[in-house]
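Data block below; observations after.
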2 protein chains.
Amino acid sequence: MTRNTSQREAIQQSLETAVRPLSPEEILEAAREQVPGLGIATVYRNIRRMVEEGQLHPVQLPDEPARYEPAGKGHHHHFRCRKCERVFDVEGCPGSLKEMLPEGFQLESHEITLFGLCKHCHP
Amino acid sequence: MTRNTSQREAIQQSLETAVRPLSPEEILEAAREQVPGLGIATVYRNIRRMVEEGQLHPVQLPDEPARYEPAGKGHHHHFRCRKCERVFDVEGCPGSLKEMLPEGFQLESHEITLFGLCKHCHP
DNA sequence: GTCGTTGCAAAGATTTTGCATTACC
DNA sequence: GGTAATGCAAAATCTTTGCAACGAC
């Protein structure tokens, strides 16, 4: 049986308020504004459980710590700017992924990450 | 000026021989068959340089250590089987990725990872 | 009051770095 | 022989775990 602690609530709220996926360290920083004594272990423990429960989705980019975002955001993908290194959500999705698969493979989900320059960093 | 050491050669050969992306630990194990005294630090140092030089591509899957594969394999993506956890290369690529981007964003590259069941694990 | 949850600090795991030694060129 | 590269071990990260104290229900 799970309990509603102020720590867990602060963590959830930080993730929901954020406009982009957050790393554990970023979550800690944000949630500490509500719960100053919060420890990093608690962040990791809550992240892990929320991922297991399906409330949170991991966003893994090459050479970067895992980030997390709330599951309720609807289907979308990510764009990482080479220059400012921020990660943006992008809408839309190519339809033809199933055609990439060899015979007999069954597609359940997919992830797409785009790389380049964002509006701000583009000349 | 870079030198051709037996260690570096063993690392390169391990990656080229493999039919799938390898993790640093897997590279160490494979390369030690040729160079028994090989140390893990050397593996990391060589991986890093080879990635910087563009000879090697990192393959990052959620919740897994980074794996690496030779750059010369041509454009392709990856499929990870939920059941046997193997990672397969898949050919082909949807064409319409540029249309997903917001105005002013410039696309340079992309990665697609598919998840599901492989031929073997599919009923 | 019970017991899930927390904070802290220690332990693991993974990757990087300092430094003396080795071995390409 | 000069110096890039290596191996080892220590350090720096990042994540998990043990345990006593806390607090939700």
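Only heavy atoms go into these numbers, but all of them, side chains included; no hydrogens, no water, no symmetry mates. Quick note on labels: first sequence line is chain A, next is B, and so on, each numbered from 1.
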Aromatic ring proximity F105(A)/F79(B), centre distance under 6.0 Å: yes

Check: protein-nucleotides 19-23 of chain D nitrogen or oxygen pairs below 3.5 Å:
from    : atom 1 : to    : atom 2 : distance (Å)
dG23(D) : N2     : R3(A) : NH1    : 2.3

Contact under 4.0 Å: R49(A) side-chain N or O vs dT5(C) OP1/OP2: yes

Between dA23(C) (C1') and R8(B) (CZ): distance, integer Å: 15 Å

Q7(A) side-chain N/O to dG7(C) phosphate OP1/OP2 under 4.0 Å: yes

Interatomic distance where CD1 belongs to I47(B) and P belongs to dA5(D) [whole Å]: 16 Å

Nearest-angstrom distance from the residue atom CG of L38(A) to P of dT5(C): 15 Å

Nearest-0.5 Å distance that lies between atom CD in E9(B) and atom OG1 in T5(B): 8.0 Å

Among dT6(C), dC14(D), dC8(C), the one nearest Y44(A) by side-chain distance: dC14(D)

Nearest-neighbour nucleotide for the R48(B) side chain, dT6(D), dT16(C), dT17(D) considered: dT16(C)

Distance in angstrom units between E53(B) CD and dA4(D) C1', rounded: 13 Å

N46(B) CG to dT15(C) P, straight-line distance once rounded to whole Å: 15 Å

H110(A) and H77(A) aromatic ring geometry - parallel, tilted or perpendicular at 30°/60° bounds: tilted

Phosphate-side-chain proximity, T42(B) and dG7(D), N/O vs OP1/OP2 below 4.0 Å: yes

Length of the CD-C1' vector between E52(B) and dT16(C), whole Å: 13 Å

Test item: R82(B) and L117(B) side chains (from C-beta on) under 4.5 Å apart, heavy atoms: yes

Value rounded to 0.5 Å, distance of CG in L22(B) from OG1 in T17(B): 9.5 Å

Working for salt bridge (Lys or Arg N to Asp or Glu O under 4.0 Å), residues K73(A) and E69(A): CA-CA 8 Å; K73(A) 293 180 71 181; E69(A) 65 185 4; 3.8 Å; yes

Full working for side-chain contact (heavy atoms from CB on, under 4.5 Å) between D89(B) and H78(B): CA-CA 5 Å; D89(B) 288 356; H78(B) 297 101; 3.2 Å; yes

Length of the line joining E9(B):CD and dT6(D):C1', which is rounded to integer Å: 15 Å

Nearest-nucleotide 5' precedence on DNA chain D, P24(A) against T5(B): T5(B)

Distance below 4.0 Å between N4(B) side-chain N/O and dA5(D) OP1 or OP2: no

Nucleotide dA5(D), atom C1' - distance to CD1 of I11(B) in whole Å: 11 Å

S6(B) vs V43(A), nearer the 5' end of DNA chain C by closest nucleotide: V43(A)

